[in-house]
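As C-alpha coordinates, the structure follows; a few thoughts come after it.
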There are 2 protein chains.
Amino acid sequence: MELRKDIHSDGIPLLCESCQARHRGVCGALEPEQLIALAKASHKHVVKEGEELIGDAERIDVYSNVLSGVVKLTKTLSDGRQQIVGLQFAPDFLGRPFRKESSINAEAATDVSLCSFPKATMDRMMQEQPGLEHRLLQQALIELDDARDWMVTLGRKTAAEKVASFLMLIARNIDPSRDPERRAVTFDLPLTRADIADFLGLTIETVSRQLTRLRTDNVIRIENNRHVFVDDIRRLEARAGN
Amino acid sequence: MELRKDIHSDGIPLLCESCQARHRGVCGALEPEQLIALAKASHKHVVKEGEELIGDAERIDVYSNVLSGVVKLTKTLSDGRQQIVGLQFAPDFLGRPFRKESSINAEAATDVSLCSFPKATMDRMMQEQPGLEHRLLQQALIELDDARDWMVTLGRKTAAEKVASFLMLIARNIDPSRDPERRAVTFDLPLTRADIADFLGLTIETVSRQLTRLRTDNVIRIENNRHVFVDDIRRLEARAGN
DNA sequence: TCCCCGCGTTGACCTGGATCAAGGAAATGC
DNA sequence: GCATTTCCTTGATCCAGGTCAACGCGGGGA
(Lines give C-alpha, C1' and ligand atoms only; values in the text may rest on other atoms or scores of the structure.)
Protein backbone atom coordinates (compact mmCIF):
# COMPACT_ATOMS: atom_id res chain seq x y z
CA MET A 1 0.00 0.00 0.00
CA GLU A 2 1.84 3.08 -1.22
CA LEU A 3 -0.30 5.49 0.80
CA ARG A 4 1.85 8.34 2.04
CA LYS A 5 -0.04 10.84 4.05
CA ASP A 6 2.91 13.22 4.24
CA ILE A 7 2.89 13.79 0.50
CA HIS A 8 -0.54 14.76 -0.66
CA SER A 9 -2.40 17.41 -2.53
CA ASP A 10 -5.59 18.61 -0.88
CA GLY A 11 -5.58 15.45 1.19
CA ILE A 12 -5.94 13.17 -1.80
CA PRO A 13 -4.13 9.88 -1.24
CA LEU A 14 -1.22 9.37 -3.59
CA LEU A 15 -2.77 6.09 -4.67
CA CYS A 16 -5.79 7.92 -6.00
CA GLU A 17 -4.12 11.02 -7.31
CA SER A 18 -3.74 10.06 -10.92
CA CYS A 19 -6.69 7.69 -10.92
CA GLN A 20 -9.35 8.20 -13.54
CA ALA A 21 -11.93 6.62 -11.27
CA ARG A 22 -11.64 9.59 -8.99
CA HIS A 23 -13.03 11.86 -11.68
CA ARG A 24 -15.31 9.82 -13.85
CA GLY A 25 -15.72 6.81 -11.58
CA VAL A 26 -17.45 6.18 -8.29
CA CYS A 27 -14.66 7.52 -6.10
CA GLY A 28 -15.46 11.02 -7.26
CA ALA A 29 -18.41 11.05 -4.87
CA LEU A 30 -16.17 10.69 -1.82
CA GLU A 31 -14.90 13.38 0.53
CA PRO A 32 -11.10 13.50 0.95
CA GLU A 33 -11.24 11.79 4.34
CA GLN A 34 -13.45 9.03 2.96
CA LEU A 35 -11.12 8.63 0.02
CA ILE A 36 -8.27 8.20 2.48
CA ALA A 37 -10.19 5.60 4.43
CA LEU A 38 -11.09 3.70 1.26
CA ALA A 39 -7.55 3.96 -0.11
CA LYS A 40 -6.25 2.43 3.11
CA ALA A 41 -8.42 -0.60 2.61
CA SER A 42 -7.82 -0.92 -1.10
CA HIS A 43 -5.04 -2.30 -3.20
CA LYS A 44 -4.01 -2.07 -6.80
CA HIS A 45 -3.27 -5.28 -8.60
CA VAL A 46 -2.98 -6.75 -12.07
CA VAL A 47 -5.00 -9.66 -13.39
CA LYS A 48 -3.58 -11.54 -16.34
CA GLU A 49 -5.50 -12.06 -19.55
CA GLY A 50 -7.81 -15.03 -19.28
CA GLU A 51 -8.00 -15.10 -15.49
CA GLU A 52 -11.36 -15.07 -13.82
CA LEU A 53 -12.32 -12.12 -11.62
CA ILE A 54 -15.73 -13.19 -10.40
CA GLY A 55 -17.04 -16.66 -10.82
CA ASP A 56 -20.64 -17.49 -11.54
CA ALA A 57 -22.47 -18.14 -8.26
CA GLU A 58 -19.38 -17.19 -6.33
CA ARG A 59 -19.41 -14.95 -3.29
CA ILE A 60 -18.61 -11.34 -4.08
CA ASP A 61 -16.57 -9.83 -1.30
CA VAL A 62 -14.67 -7.13 -3.14
CA TYR A 63 -15.59 -4.30 -5.42
CA SER A 64 -13.11 -2.98 -7.96
CA ASN A 65 -12.48 -0.09 -10.25
CA VAL A 66 -11.02 -0.94 -13.62
CA LEU A 67 -7.88 1.17 -14.06
CA SER A 68 -6.79 -0.22 -17.41
CA GLY A 69 -7.56 -3.13 -19.69
CA VAL A 70 -10.88 -4.70 -20.56
CA VAL A 71 -13.06 -7.03 -18.50
CA LYS A 72 -15.65 -9.21 -20.18
CA LEU A 73 -18.86 -10.22 -18.45
CA THR A 74 -20.17 -13.53 -19.64
CA LYS A 75 -23.10 -15.85 -19.16
CA THR A 76 -23.14 -19.50 -20.13
CA LEU A 77 -26.00 -21.89 -20.83
CA SER A 78 -25.83 -25.36 -19.33
CA ASP A 79 -24.75 -26.89 -22.64
CA GLY A 80 -21.82 -24.50 -22.95
CA ARG A 81 -23.17 -21.85 -25.29
CA GLN A 82 -21.74 -18.57 -24.15
CA GLN A 83 -22.70 -14.93 -24.48
CA ILE A 84 -20.68 -11.90 -23.48
CA VAL A 85 -23.20 -9.55 -21.87
CA GLY A 86 -20.95 -6.59 -21.23
CA LEU A 87 -17.47 -5.14 -21.49
CA GLN A 88 -16.01 -2.98 -18.77
CA PHE A 89 -13.38 -0.38 -19.55
CA ALA A 90 -11.54 2.05 -17.27
CA PRO A 91 -12.84 3.62 -15.07
CA ASP A 92 -15.87 1.36 -14.75
CA PHE A 93 -16.94 -0.04 -11.43
CA LEU A 94 -17.01 -3.79 -11.08
CA GLY A 95 -19.26 -5.51 -8.60
CA ARG A 96 -22.86 -6.15 -7.77
CA PRO A 97 -24.20 -4.31 -4.73
CA PHE A 98 -27.01 -5.88 -2.68
CA ARG A 99 -26.24 -9.41 -3.67
CA LYS A 100 -24.24 -12.12 -2.11
CA GLU A 101 -23.72 -13.92 -5.36
CA SER A 102 -22.96 -12.93 -8.87
CA SER A 103 -25.07 -14.31 -11.68
CA ILE A 104 -22.40 -13.59 -14.23
CA ASN A 105 -18.76 -14.38 -14.85
CA ALA A 106 -16.18 -11.65 -15.08
CA GLU A 107 -12.93 -12.45 -16.82
CA ALA A 108 -9.93 -10.40 -17.85
CA ALA A 109 -10.13 -10.04 -21.63
CA THR A 110 -6.73 -8.36 -21.65
CA ASP A 111 -4.28 -7.85 -18.81
CA VAL A 112 -6.31 -5.74 -16.43
CA SER A 113 -5.22 -3.46 -13.65
CA LEU A 114 -7.68 -3.05 -10.83
CA CYS A 115 -8.15 -1.10 -7.63
CA SER A 116 -10.06 -3.36 -5.26
CA PHE A 117 -11.55 -2.77 -1.84
CA PRO A 118 -13.65 -4.84 0.53
CA LYS A 119 -17.36 -4.91 -0.12
CA ALA A 120 -18.03 -4.18 3.55
CA THR A 121 -16.05 -0.93 3.55
CA MET A 122 -17.80 0.31 0.46
CA ASP A 123 -21.23 -0.73 1.71
CA ARG A 124 -20.63 1.18 4.92
CA MET A 125 -19.58 4.29 3.04
CA MET A 126 -22.68 4.06 0.89
CA GLN A 127 -24.72 4.54 4.02
CA GLU A 128 -22.91 7.62 5.22
CA GLN A 129 -22.42 9.19 1.82
CA PRO A 130 -25.56 9.17 -0.38
CA GLY A 131 -23.53 10.65 -3.22
CA LEU A 132 -21.85 7.30 -3.62
CA GLU A 133 -25.10 5.51 -4.22
CA HIS A 134 -25.99 8.29 -6.61
CA ARG A 135 -22.88 7.55 -8.66
CA LEU A 136 -23.61 3.86 -8.62
CA LEU A 137 -27.12 4.53 -9.82
CA GLN A 138 -25.75 6.62 -12.64
CA GLN A 139 -23.34 3.90 -13.67
CA ALA A 140 -26.04 1.24 -13.42
CA LEU A 141 -28.36 3.28 -15.63
CA ILE A 142 -25.62 3.81 -18.20
CA GLU A 143 -24.90 0.09 -18.22
CA LEU A 144 -28.61 -0.55 -18.61
CA ASP A 145 -28.75 1.79 -21.60
CA ASP A 146 -25.72 0.04 -23.09
CA ALA A 147 -27.24 -3.39 -22.51
CA ARG A 148 -30.44 -2.34 -24.23
CA ASP A 149 -28.56 -0.85 -27.16
CA TRP A 150 -26.77 -4.13 -27.51
CA MET A 151 -30.04 -6.05 -27.41
CA VAL A 152 -31.00 -4.27 -30.62
CA THR A 153 -27.69 -5.31 -32.14
CA LEU A 154 -28.16 -8.93 -31.06
CA GLY A 155 -31.80 -9.19 -32.02
CA ARG A 156 -32.10 -7.20 -35.20
CA LYS A 157 -28.79 -6.56 -36.94
CA THR A 158 -27.11 -8.63 -39.64
CA ALA A 159 -23.71 -10.23 -39.11
CA ALA A 160 -22.04 -7.45 -41.11
CA GLU A 161 -23.73 -4.77 -39.02
CA LYS A 162 -22.90 -6.58 -35.81
CA VAL A 163 -19.19 -6.67 -36.57
CA ALA A 164 -19.15 -3.00 -37.59
CA SER A 165 -21.08 -2.14 -34.42
CA PHE A 166 -18.54 -4.00 -32.36
CA LEU A 167 -15.64 -2.11 -33.91
CA MET A 168 -17.49 1.16 -33.27
CA LEU A 169 -17.98 0.17 -29.65
CA ILE A 170 -14.30 -0.53 -29.16
CA ALA A 171 -13.26 2.63 -30.99
CA ARG A 172 -15.51 4.65 -28.70
CA ASN A 173 -14.36 3.07 -25.47
CA ILE A 174 -10.75 2.09 -25.80
CA ASP A 175 -9.37 5.60 -25.77
CA PRO A 176 -11.86 8.04 -24.32
CA SER A 177 -9.45 10.93 -24.74
CA ARG A 178 -9.61 10.60 -28.50
CA ASP A 179 -10.88 13.64 -30.35
CA PRO A 180 -14.42 12.65 -31.34
CA GLU A 181 -14.15 14.77 -34.48
CA ARG A 182 -11.12 12.92 -35.75
CA ARG A 183 -12.01 10.58 -38.60
CA ALA A 184 -8.96 8.33 -38.53
CA VAL A 185 -8.90 5.96 -35.59
CA THR A 186 -6.62 3.14 -34.60
CA PHE A 187 -6.85 0.67 -31.75
CA ASP A 188 -6.00 -2.82 -30.59
CA LEU A 189 -8.82 -5.32 -30.42
CA PRO A 190 -9.10 -6.37 -26.78
CA LEU A 191 -10.83 -9.62 -27.71
CA THR A 192 -10.02 -12.77 -29.66
CA ARG A 193 -12.22 -13.75 -32.58
CA ALA A 194 -13.90 -16.27 -30.33
CA ASP A 195 -14.73 -13.56 -27.79
CA ILE A 196 -16.02 -11.26 -30.50
CA ALA A 197 -18.25 -14.09 -31.71
CA ASP A 198 -19.55 -14.62 -28.17
CA PHE A 199 -20.24 -10.93 -27.86
CA LEU A 200 -22.12 -10.74 -31.16
CA GLY A 201 -23.99 -14.02 -31.02
CA LEU A 202 -22.14 -15.31 -34.09
CA THR A 203 -19.55 -17.97 -34.88
CA ILE A 204 -15.80 -17.39 -35.21
CA GLU A 205 -15.97 -18.05 -38.92
CA THR A 206 -18.66 -15.47 -39.56
CA VAL A 207 -16.76 -12.84 -37.58
CA SER A 208 -13.64 -13.61 -39.56
CA ARG A 209 -15.46 -13.40 -42.90
CA GLN A 210 -17.08 -10.09 -42.03
CA LEU A 211 -13.76 -8.62 -40.94
CA THR A 212 -12.25 -9.76 -44.22
CA ARG A 213 -15.07 -8.08 -46.07
CA LEU A 214 -14.53 -4.80 -44.23
CA ARG A 215 -10.85 -5.21 -45.07
CA THR A 216 -11.34 -5.86 -48.78
CA ASP A 217 -13.80 -2.96 -48.93
CA ASN A 218 -11.07 -0.73 -47.48
CA VAL A 219 -13.13 0.29 -44.48
CA ILE A 220 -10.48 -1.07 -42.10
CA ARG A 221 -6.94 -2.35 -42.17
CA ILE A 222 -5.72 -5.01 -39.74
CA GLU A 223 -2.15 -5.75 -38.68
CA ASN A 224 -1.09 -8.72 -36.58
CA ASN A 225 -4.69 -9.87 -36.24
CA ARG A 226 -5.33 -7.37 -33.49
CA HIS A 227 -4.33 -3.90 -34.54
CA VAL A 228 -7.07 -2.09 -36.42
CA PHE A 229 -6.75 1.06 -38.54
CA VAL A 230 -9.85 2.95 -39.56
CA ASP A 231 -9.29 5.71 -42.10
CA ASP A 232 -12.75 7.21 -41.89
CA ILE A 233 -14.86 6.20 -38.95
CA ARG A 234 -17.96 7.51 -40.67
CA ARG A 235 -17.67 4.78 -43.30
CA LEU A 236 -17.49 2.23 -40.51
CA GLU A 237 -20.43 3.80 -38.75
CA ALA A 238 -22.47 3.66 -41.94
CA ARG A 239 -22.01 -0.11 -41.88
CA ALA A 240 -23.21 -0.46 -38.29
CA GLY A 241 -26.79 0.05 -39.40
CA ASN A 242 -28.23 2.25 -36.64
CA MET B 1 -57.40 13.29 -6.49
CA GLU B 2 -59.19 11.05 -4.06
CA LEU B 3 -56.90 11.88 -1.16
CA ARG B 4 -58.91 11.97 2.05
CA LYS B 5 -56.84 12.80 5.07
CA ASP B 6 -59.69 12.11 7.49
CA ILE B 7 -59.77 8.45 6.55
CA HIS B 8 -56.35 6.97 6.79
CA SER B 9 -54.40 4.20 8.42
CA ASP B 10 -51.10 5.22 9.95
CA GLY B 11 -51.18 8.33 7.80
CA ILE B 12 -51.03 6.41 4.54
CA PRO B 13 -52.91 8.24 1.80
CA LEU B 14 -55.97 6.39 0.60
CA LEU B 15 -54.61 6.58 -2.91
CA CYS B 16 -51.61 4.55 -1.87
CA GLU B 17 -53.21 2.21 0.58
CA SER B 18 -53.81 -0.75 -1.65
CA CYS B 19 -50.97 0.05 -4.00
CA GLN B 20 -48.42 -2.66 -4.65
CA ALA B 21 -45.79 -0.05 -5.39
CA ARG B 22 -45.86 0.95 -1.76
CA HIS B 23 -44.51 -2.43 -0.75
CA ARG B 24 -42.41 -3.77 -3.56
CA GLY B 25 -42.00 -0.55 -5.54
CA VAL B 26 -40.14 2.68 -4.99
CA CYS B 27 -42.76 4.31 -2.78
CA GLY B 28 -41.89 1.87 -0.02
CA ALA B 29 -38.82 3.96 0.75
CA LEU B 30 -40.90 6.99 1.69
CA GLU B 31 -41.97 8.20 5.13
CA PRO B 32 -45.73 8.67 5.59
CA GLU B 33 -45.49 12.45 5.28
CA GLN B 34 -43.45 12.13 2.09
CA LEU B 35 -45.94 9.66 0.74
CA ILE B 36 -48.67 12.18 1.43
CA ALA B 37 -46.75 14.90 -0.36
CA LEU B 38 -46.09 12.67 -3.33
CA ALA B 39 -49.67 11.43 -3.42
CA LYS B 40 -50.86 15.03 -3.55
CA ALA B 41 -48.83 15.62 -6.67
CA SER B 42 -49.63 12.33 -8.32
CA HIS B 43 -52.57 11.02 -10.25
CA LYS B 44 -53.77 7.63 -11.34
CA HIS B 45 -54.73 7.21 -14.95
CA VAL B 46 -55.25 4.57 -17.59
CA VAL B 47 -53.40 4.38 -20.88
CA LYS B 48 -55.04 2.42 -23.65
CA GLU B 49 -53.32 -0.43 -25.42
CA GLY B 50 -51.10 0.86 -28.20
CA GLU B 51 -50.71 4.37 -26.84
CA GLU B 52 -47.26 5.79 -26.38
CA LEU B 53 -46.09 6.66 -22.88
CA ILE B 54 -42.67 8.05 -23.58
CA GLY B 55 -41.50 8.94 -27.03
CA ASP B 56 -37.98 8.47 -28.23
CA ALA B 57 -35.98 11.66 -27.72
CA GLU B 58 -38.94 13.20 -25.97
CA ARG B 59 -38.68 15.17 -22.75
CA ILE B 60 -39.42 13.12 -19.67
CA ASP B 61 -41.25 15.20 -17.12
CA VAL B 62 -43.13 12.54 -15.21
CA TYR B 63 -42.22 9.34 -13.51
CA SER B 64 -44.79 6.58 -13.11
CA ASN B 65 -45.43 3.40 -11.24
CA VAL B 66 -47.08 0.66 -13.23
CA LEU B 67 -50.17 -0.44 -11.27
CA SER B 68 -51.48 -2.98 -13.75
CA GLY B 69 -50.95 -4.00 -17.33
CA VAL B 70 -47.74 -4.34 -19.28
CA VAL B 71 -45.54 -1.65 -20.79
CA LYS B 72 -43.12 -2.47 -23.58
CA LEU B 73 -39.85 -0.61 -24.04
CA THR B 74 -38.74 -0.50 -27.64
CA LYS B 75 -35.88 0.68 -29.77
CA THR B 76 -36.03 1.17 -33.50
CA LEU B 77 -33.30 1.32 -36.13
CA SER B 78 -33.53 4.02 -38.76
CA ASP B 79 -34.84 1.58 -41.36
CA GLY B 80 -37.69 0.50 -39.12
CA ARG B 81 -36.39 -2.72 -37.62
CA GLN B 82 -37.62 -2.84 -34.08
CA GLN B 83 -36.54 -4.56 -30.88
CA ILE B 84 -38.37 -4.70 -27.59
CA VAL B 85 -35.69 -4.18 -24.94
CA GLY B 86 -37.79 -4.64 -21.85
CA LEU B 87 -41.22 -5.28 -20.42
CA GLN B 88 -42.46 -3.51 -17.31
CA PHE B 89 -45.03 -5.13 -15.04
CA ALA B 90 -46.63 -3.86 -11.87
CA PRO B 91 -45.19 -2.49 -9.65
CA ASP B 92 -42.22 -1.43 -11.78
CA PHE B 93 -41.02 2.12 -11.89
CA LEU B 94 -41.07 3.88 -15.23
CA GLY B 95 -38.75 6.73 -16.03
CA ARG B 96 -35.14 7.58 -16.51
CA PRO B 97 -33.60 9.68 -13.74
CA PHE B 98 -30.74 12.07 -14.53
CA ARG B 99 -31.69 12.51 -18.12
CA LYS B 100 -33.70 15.04 -19.97
CA GLU B 101 -34.45 12.71 -22.82
CA SER B 102 -35.36 9.12 -23.18
CA SER B 103 -33.44 6.97 -25.63
CA ILE B 104 -36.22 4.45 -25.78
CA ASN B 105 -39.90 4.29 -26.54
CA ALA B 106 -42.40 3.16 -23.95
CA GLU B 107 -45.78 1.97 -25.17
CA ALA B 108 -48.74 0.34 -23.49
CA ALA B 109 -48.74 -3.30 -24.59
CA THR B 110 -52.08 -3.82 -22.85
CA ASP B 111 -54.34 -1.30 -21.19
CA VAL B 112 -52.11 0.04 -18.47
CA SER B 113 -52.99 1.79 -15.26
CA LEU B 114 -50.35 4.15 -13.95
CA CYS B 115 -49.67 6.36 -10.96
CA SER B 116 -47.70 9.33 -12.28
CA PHE B 117 -46.01 12.22 -10.52
CA PRO B 118 -43.88 15.12 -11.67
CA LYS B 119 -40.22 14.41 -12.17
CA ALA B 120 -39.31 17.50 -10.15
CA THR B 121 -41.19 16.34 -7.04
CA MET B 122 -39.54 12.97 -7.15
CA ASP B 123 -36.09 14.38 -7.82
CA ARG B 124 -36.46 16.65 -4.81
CA MET B 125 -37.49 13.77 -2.60
CA MET B 126 -34.52 11.78 -3.79
CA GLN B 127 -32.29 14.43 -2.25
CA GLU B 128 -33.93 14.42 1.14
CA GLN B 129 -34.53 10.68 1.31
CA PRO B 130 -31.51 8.57 0.29
CA GLY B 131 -33.61 5.44 0.69
CA LEU B 132 -35.44 6.40 -2.48
CA GLU B 133 -32.30 6.40 -4.52
CA HIS B 134 -31.44 3.10 -2.92
CA ARG B 135 -34.69 1.61 -4.20
CA LEU B 136 -34.09 3.02 -7.63
CA LEU B 137 -30.61 1.53 -7.66
CA GLN B 138 -32.06 -1.84 -6.71
CA GLN B 139 -34.62 -1.66 -9.48
CA ALA B 140 -31.99 -0.54 -11.99
CA LEU B 141 -29.73 -3.44 -11.05
CA ILE B 142 -32.58 -5.90 -11.38
CA GLU B 143 -33.44 -4.50 -14.79
CA LEU B 144 -29.79 -4.77 -15.73
CA ASP B 145 -29.73 -8.42 -14.69
CA ASP B 146 -32.89 -9.03 -16.70
CA ALA B 147 -31.48 -7.27 -19.73
CA ARG B 148 -28.33 -9.37 -19.58
CA ASP B 149 -30.31 -12.56 -19.21
CA TRP B 150 -32.24 -11.59 -22.28
CA MET B 151 -29.04 -10.90 -24.20
CA VAL B 152 -28.19 -14.58 -23.81
CA THR B 153 -31.62 -15.46 -25.15
CA LEU B 154 -31.23 -13.12 -28.11
CA GLY B 155 -27.66 -14.05 -28.92
CA ARG B 156 -27.48 -17.76 -28.29
CA LYS B 157 -30.85 -19.48 -28.18
CA THR B 158 -32.76 -21.13 -31.01
CA ALA B 159 -36.19 -19.91 -32.10
CA ALA B 160 -37.86 -22.74 -30.18
CA GLU B 161 -35.94 -21.89 -27.00
CA LYS B 162 -36.67 -18.21 -27.43
CA VAL B 163 -40.41 -18.73 -27.58
CA ALA B 164 -40.36 -21.06 -24.57
CA SER B 165 -38.23 -18.53 -22.68
CA PHE B 166 -40.73 -15.83 -23.49
CA LEU B 167 -43.63 -17.87 -22.16
CA MET B 168 -41.63 -18.58 -18.99
CA LEU B 169 -40.97 -14.87 -18.58
CA ILE B 170 -44.64 -14.02 -18.82
CA ALA B 171 -45.65 -16.86 -16.53
CA ARG B 172 -43.21 -15.59 -13.93
CA ASN B 173 -44.25 -11.95 -14.12
CA ILE B 174 -47.89 -11.75 -14.96
CA ASP B 175 -49.14 -12.99 -11.62
CA PRO B 176 -46.47 -12.70 -8.95
CA SER B 177 -48.81 -14.06 -6.30
CA ARG B 178 -48.89 -17.42 -8.00
CA ASP B 179 -47.60 -20.34 -5.97
CA PRO B 180 -44.17 -21.02 -7.46
CA GLU B 181 -44.55 -24.72 -6.68
CA ARG B 182 -47.67 -25.09 -8.70
CA ARG B 183 -47.04 -26.87 -11.99
CA ALA B 184 -50.16 -25.84 -13.88
CA VAL B 185 -50.14 -22.22 -14.94
CA THR B 186 -52.45 -20.14 -17.05
CA PHE B 187 -52.16 -16.59 -18.26
CA ASP B 188 -53.06 -14.14 -21.01
CA LEU B 189 -50.33 -13.15 -23.41
CA PRO B 190 -49.91 -9.40 -23.03
CA LEU B 191 -48.35 -9.10 -26.49
CA THR B 192 -49.40 -9.68 -30.08
CA ARG B 193 -47.41 -12.11 -32.21
CA ALA B 194 -45.71 -9.12 -33.80
CA ASP B 195 -44.63 -7.84 -30.39
CA ILE B 196 -43.39 -11.25 -29.36
CA ALA B 197 -41.36 -11.39 -32.56
CA ASP B 198 -39.87 -7.97 -31.80
CA PHE B 199 -39.02 -9.11 -28.31
CA LEU B 200 -37.33 -12.31 -29.47
CA GLY B 201 -35.57 -11.01 -32.57
CA LEU B 202 -37.66 -13.26 -34.81
CA THR B 203 -40.40 -12.87 -37.42
CA ILE B 204 -44.11 -13.26 -36.77
CA GLU B 205 -44.19 -16.45 -38.81
CA THR B 206 -41.46 -18.13 -36.82
CA VAL B 207 -43.13 -17.22 -33.54
CA SER B 208 -46.41 -18.64 -34.81
CA ARG B 209 -44.78 -21.87 -35.98
CA GLN B 210 -42.97 -22.39 -32.70
CA LEU B 211 -46.16 -21.81 -30.75
CA THR B 212 -47.94 -24.39 -32.90
CA ARG B 213 -45.14 -26.81 -32.24
CA LEU B 214 -45.45 -26.32 -28.48
CA ARG B 215 -49.18 -26.81 -28.96
CA THR B 216 -48.93 -30.02 -30.99
CA ASP B 217 -46.36 -31.34 -28.50
CA ASN B 218 -48.93 -30.75 -25.74
CA VAL B 219 -46.66 -28.44 -23.78
CA ILE B 220 -49.20 -25.62 -23.98
CA ARG B 221 -52.78 -25.07 -25.01
CA ILE B 222 -53.98 -21.76 -26.48
CA GLU B 223 -57.51 -20.35 -26.56
CA ASN B 224 -58.56 -17.25 -28.44
CA ASN B 225 -54.99 -16.63 -29.58
CA ARG B 226 -54.10 -15.07 -26.27
CA HIS B 227 -55.02 -17.31 -23.39
CA VAL B 228 -52.34 -19.86 -22.59
CA PHE B 229 -52.64 -22.98 -20.45
CA VAL B 230 -49.54 -24.79 -19.27
CA ASP B 231 -50.14 -28.14 -17.64
CA ASP B 232 -46.63 -28.66 -16.37
CA ILE B 233 -44.39 -25.65 -16.33
CA ARG B 234 -41.33 -27.85 -15.93
CA ARG B 235 -41.89 -29.23 -19.42
CA LEU B 236 -41.99 -25.69 -20.74
CA GLU B 237 -38.91 -24.77 -18.79
CA ALA B 238 -37.06 -27.73 -20.24
CA ARG B 239 -37.66 -26.22 -23.66
CA ALA B 240 -36.27 -22.83 -22.72
CA GLY B 241 -32.72 -24.19 -22.85
CA ASN B 242 -31.04 -22.53 -19.88
C1' DT C 1 16.13 -26.09 -35.42
C1' DC C 2 11.89 -28.31 -35.65
C1' DC C 3 7.48 -29.35 -34.02
C1' DC C 4 3.47 -28.32 -31.95
C1' DC C 5 -0.41 -25.68 -30.77
C1' DG C 6 -3.45 -21.95 -30.48
C1' DC C 7 -5.44 -18.63 -33.36
C1' DG C 8 -7.21 -17.01 -37.58
C1' DT C 9 -8.72 -17.55 -42.50
C1' DT C 10 -10.99 -19.63 -46.30
C1' DG C 11 -13.85 -22.91 -48.92
C1' DA C 12 -17.80 -26.20 -49.58
C1' DC C 13 -21.97 -27.43 -48.04
C1' DC C 14 -26.14 -27.45 -45.11
C1' DT C 15 -30.03 -25.74 -42.45
C1' DG C 16 -32.82 -22.77 -39.37
C1' DG C 17 -35.25 -19.12 -39.82
C1' DA C 18 -36.50 -15.35 -43.20
C1' DT C 19 -39.31 -14.20 -47.04
C1' DC C 20 -43.15 -14.52 -50.02
C1' DA C 21 -47.77 -15.85 -50.63
C1' DA C 22 -52.36 -17.41 -49.50
C1' DG C 23 -56.15 -17.82 -46.64
C1' DG C 24 -58.97 -18.21 -42.17
C1' DA C 25 -61.11 -16.07 -38.10
C1' DA C 26 -62.43 -12.50 -35.15
C1' DA C 27 -63.07 -7.64 -34.42
C1' DT C 28 -64.65 -3.02 -36.39
C1' DG C 29 -67.07 0.04 -39.23
C1' DC C 30 -70.97 1.24 -42.31
C1' DG D 1 -75.78 -7.90 -42.52
C1' DC D 2 -71.82 -7.25 -45.17
C1' DA D 3 -67.29 -5.25 -46.14
C1' DT D 4 -62.94 -4.23 -44.32
C1' DT D 5 -59.20 -4.69 -41.52
C1' DT D 6 -56.27 -6.78 -38.21
C1' DC D 7 -54.26 -10.71 -36.42
C1' DC D 8 -52.82 -15.24 -36.88
C1' DT D 9 -51.59 -19.62 -39.25
C1' DT D 10 -49.69 -22.49 -42.75
C1' DG D 11 -47.15 -23.75 -46.93
C1' DA D 12 -43.34 -23.12 -50.41
C1' DT D 13 -39.05 -21.34 -51.31
C1' DC D 14 -34.74 -18.86 -50.39
C1' DC D 15 -30.53 -17.41 -48.26
C1' DA D 16 -27.58 -15.68 -44.27
C1' DG D 17 -25.05 -17.64 -41.31
C1' DG D 18 -23.85 -22.16 -39.19
C1' DT D 19 -21.11 -26.43 -39.69
C1' DC D 20 -17.38 -29.13 -41.19
C1' DA D 21 -12.93 -29.38 -42.97
C1' DA D 22 -8.43 -27.87 -44.51
C1' DC D 23 -4.69 -24.97 -44.05
C1' DG D 24 -1.54 -20.87 -42.86
C1' DC D 25 1.05 -18.44 -39.54
C1' DG D 26 3.49 -16.94 -35.45
C1' DG D 27 5.19 -18.13 -30.85
C1' DG D 28 7.03 -21.26 -27.36
C1' DG D 29 9.28 -25.39 -25.78
C1' DA D 30 12.57 -29.37 -26.33
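As a basis for the values below, the full set of heavy atoms in this structure was taken, side chains included, without hydrogen atoms, waters or symmetry mates.
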Out of C:dT9, D:dC8, C:dG17, whichever nucleotide has its closest atom nearest the side chain of A:Asn225: C:dT9

Residue B:Thr158, side-chain heavy atoms: nucleotide from C:dG8, C:dG17, D:dT9 that is nearest: C:dG17

Rounded to the Å, how far apart are [X] [atom1] and [N] [atom2]?
{"X": "B:Ile222", "N": "D:dT9", "atom1": "CD1", "atom2": "P", "value": "6 Å"}
{"X": "A:Ile204", "N": "C:dG11", "atom1": "CD1", "atom2": "C1'", "value": "16 Å"}
{"X": "B:Arg226", "N": "D:dT6", "atom1": "CZ", "atom2": "P", "value": "15 Å"}
{"X": "B:Arg213", "N": "C:dG17", "atom1": "CZ", "atom2": "P", "value": "9 Å"}
{"X": "B:Leu211", "N": "C:dG17", "atom1": "CG", "atom2": "P", "value": "14 Å"}
{"X": "B:Leu214", "N": "D:dT9", "atom1": "CG", "atom2": "C1'", "value": "15 Å"}
{"X": "A:Asp198", "N": "C:dG8", "atom1": "CG", "atom2": "P", "value": "12 Å"}
{"X": "B:Glu223", "N": "C:dA26", "atom1": "CD", "atom2": "C1'", "value": "15 Å"}

Ring geometry between B:Phe117 and B:Tyr63 (parallel below 30°, tilted from 30 to 60°, perpendicular above 60°): perpendicular

Side-chain ion pair, B:Glu237 and B:Arg172, N-O less than 4.0 Å: no

Electrostatic pair A:Arg239-A:Asp217, nearest N-O below 4.0 angstrom: yes

Short side-chain N/O contact from B:Arg193 to OP1 or OP2 of D:dC7, under 4.0 Å: no

A:Ser208 side-chain N/O to C:dT10 phosphate OP1/OP2 under 4.0 Å: no

Verdict with supporting geometry, B:Asn65 and B:Cys27, side-chain contact (heavy atoms from CB on, under 4.5 Å): CA-CA 9 Å; B:Asn65 280 311; B:Cys27 295; 3.4 Å; yes

Shortest non-hydrogen separation from A:Glu161 to A:Ala240 and the atoms involved: CB-O, 3.8 Å

Derivation and outcome, side-chain contact (heavy atoms from CB on, under 4.5 Å), residues B:Asp149 and A:Lys75: CA-CA 8 Å; B:Asp149 276 339; A:Lys75 281 182 169 267; 2.6 Å; yes

Quick one: which protein N/O atoms are closer than 3.5 Å to N/O atoms of nucleotides 18-25 of chain D? Pair and distance per line, please.
| unit_1 | atom_1 | unit_2 | atom_2 | d |
| --- | --- | --- | --- | --- |
| D:dG18 | OP2 | A:Thr203 | N | 3.4 |
| D:dG18 | OP2 | A:Thr203 | OG1 | 3.1 |
| D:dG18 | OP2 | A:Thr206 | OG1 | 2.4 |
| D:dT19 | O4 | A:Arg209 | NH2 | 2.8 |
| D:dC20 | N4 | A:Glu205 | OE2 | 3.1 |

Side-chain donor/acceptor of B:Arg81 to backbone N/O of A:Arg156, under 3.5 Å: yes

